[in-house]
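Below is one structure; the comments refer to it alone.
Labels below follow one simple rule: chain letters A, B, ... track the order of the sequence lines, proteins then strands, and each chain is numbered from 1. Computed from a prediction, not measured in an experiment: that's the story for all the values here. Scope of the values below: all heavy atoms of this structure, side chains included, with no hydrogens, waters or symmetry mates.
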There are 2 protein chains.
Amino acid sequence: MTATTAATAARTTDTPLVIDGLQCGPYDRDVFQQLRAGRVTCATATVAFWEDAIETMDALAAWNDLLDANADLVLPARTVGDIERAHETGRTAILLGAQNASPLQGRLGFVRHFHAMGLRVMQLTYNNNTEFGGSCYEETDPGLTRFGREVVREMNAVGMLVDLSHSGERTRRDAIEHSALPVVLTHANPRSLYDHPRNADDATLKALAARDGVVGLATYGSLCGRYARTLDDWCAMVARTVELVGVRHVAIGTDLSPKAGAAEFAWMRKGRWTRSEQRGADLGSPPASATGTGEWLADASGLARVADGLVATGFTRDEAHAVVGGNWLRLYASVLKTGDGDGS
Amino acid sequence: MTATTAATAARTTDTPLVIDGLQCGPYDRDVFQQLRAGRVTCATATVAFWEDAIETMDALAAWNDLLDANADLVLPARTVGDIERAHETGRTAILLGAQNASPLQGRLGFVRHFHAMGLRVMQLTYNNNTEFGGSCYEETDPGLTRFGREVVREMNAVGMLVDLSHSGERTRRDAIEHSALPVVLTHANPRSLYDHPRNADDATLKALAARDGVVGLATYGSLCGRYARTLDDWCAMVARTVELVGVRHVAIGTDLSPKAGAAEFAWMRKGRWTRSEQRGADLGSPPASATGTGEWLADASGLARVADGLVATGFTRDEAHAVVGGNWLRLYASVLKTGDGDGS
């Protein structure tokens, strides 16, 4: 499916193709049923935050079994064709992503291996500086490193999304410039709308859009400020972001983790790199709800309402469909390979 | 390509499709040129003897680079279609295999991962008993274990050849019986022709053939006894093996390692499991030549002569073509997947 026909498919069907660019936490049949209730065609699930190669392979193997066991509800998203097939068969395609490049264990050649094993999205950093670049939470972001440049080139070659959601602004701008293909912010909001280290400068968002990238706006309460409370509030954030970068470059990236509990949050925030307590994104702002979401979206089932909410905010139906899914589908079609050849 | 059309292709062309079922040692452009000189359409290269998952992934990553850098001579064999394409374009397709299941690091789920990364052949044991079964060199071969049965089933499911070349007779017979798909001895000779622990009982060879498996006869001197010295000697071994199991079930599996030196042999024989000196297959018989081959075959370039040698021994041209390549191609077509779907 070309980008154009993808957009056409999204536009002409009564049920829009909905894509959530980033979710995390544990998955089970409950969560898959929430995705179906939300009529989500594709969602990206996180397989690593700090994990090394073997740990990530264990996570990917568990995902293989989970997808096989729930094939009536879900299927693996390795190509845009899989996402189309999900839409046609009333299922959710699961795209697998890593929120760190730690799985590479220092090997450029492992980009291709993890792509072969099903990984389709990867961040160059999570909450700390890495061999690849700088994190949004560090005092100094040194930008994309030598190894980071190699990895971006390799990710372009195999067809893996370069995700800069947790990177610093300098690393983001370097990657946007250096990558031969569009890059992504799967889950970040404009810093001009809510000042949080995880959010993105206007200049970064404009540079991203200028090179055909897409930003998935998060619903995670701590990243939204005054836009956290209701669907209408979040849609207002969408409208203002669209004014900034254009309607082709804005999408959904909730950061939903409906089944994440204390152990999962401790792993995401502390990993193994510190003994001190860490708050992750919850930095002194009023703490988000227990699920870490905005109050209006406890789980993916609420995503079925977003297209109508955007129309109520003032978007046309076409624009709403682009935001809820068409833009991600177009971006995926421009980066992911079709799946012919050696399976990479 | 179906098994039937594969056999037809092998038969009707002047240049037979030649397949060597097992080689090892270091590879470089020299070795690829030897394969081309030998008109070898496909050869299996060994990526692991004792290596764990990461070490094997490093080897596979190095193979990715080596194949990319020599694409005028070689290409990766992931499907039978790749082997056909190699034959059509005058190149050698390299099938990647492990002579141990150590890369799995105890995880059934890693069978699928290694298949995704390009592995197409795997032995359940090398020279010692494993979690999966018993080796030909151990005093007691306990047969296929519980984990071994799981792995055989998984290898059937993903399309990976179950290779029993270094396993004991009980493990061989168990795997032949348990596997839903034909299994292989990529490099072993009849023990009734030369009594060596690595060679195979008549009963095993007949059971293998009865379930459509194939045995690749080795040219490695220490496994051949009186059949080691000349091409005609080796062809005589082929003839006697064909009398035993039928011409559909005999092929070539040289065990060639033209670039293996002391370090490589030390790794194969000693690995990390002992501090004592190990002789591998060279057990008290007159030591083979420095390259470990029979005297007539120092490297793959000599394989171009084998079809004529078989005809001189009394085989028809069709039978010779089946032995030098058609039988492996048929076996591969019955086990390997076509490559559609998720790339597995």
> Got more than 12 heavy atoms from elsewhere within 6.0 Å of CZ, A/Arg91?
Replying inline: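 Yes, because the 6.0 Å sphere around CZ of A/Arg91 holds more than 12 heavy atoms from other groups.
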>> Would you say CZ of B/Arg272 has more than 12 non-hydrogen atoms from neighbouring residues, nucleotides or ligands within 6.0 angstrom?
In response: yes
> Thinking salt bridges, do B/Arg112 and A/Asp65 make one under a 4.0 Å N-O criterion?
Replying inline: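 A salt bridge is absent here (no side-chain N lies under 4.0 Å from a carboxylate O).
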>> I'd like to verify something: which residue of A/Ala61, A/Ala62, A/Gly109, A/Gly118 has the highest number of heavy-atom pairs under 4.5 Å with chain B?
In response: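 Among A/Ala61, A/Ala62, A/Gly109, A/Gly118, the one with the most close pairs to chain B is A/Ala61.
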>> Please rank A/Gln105, A/Met57, A/Arg107 by heavy-atom pairs under 4.5 Å with chain B and give me the top one.
In response: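 Top count of heavy-atom pairs under 4.5 Å with chain B: A/Met57.
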>> Measuring from atom NE2 of A/His113 to atom CG of B/Asp58, what distance do you get when rounded to the nearest 0.5 angstrom?
In response: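 So the gap between those two atoms works out to 7.5 Å.
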>> If I take atom CG from residue B/Leu108 and atom CG from residue A/Asn64, how far apart are they, to the nearest 0.5 angstrom?
In response: 11.0 Å
> Quick one: what part of B/Leu60 sits under 4.5 Å from any heavy atom of chain A, side chain, backbone, both or neither?
Replying inline: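 Contact with chain A involves both backbone and side-chain atoms of B/Leu60.
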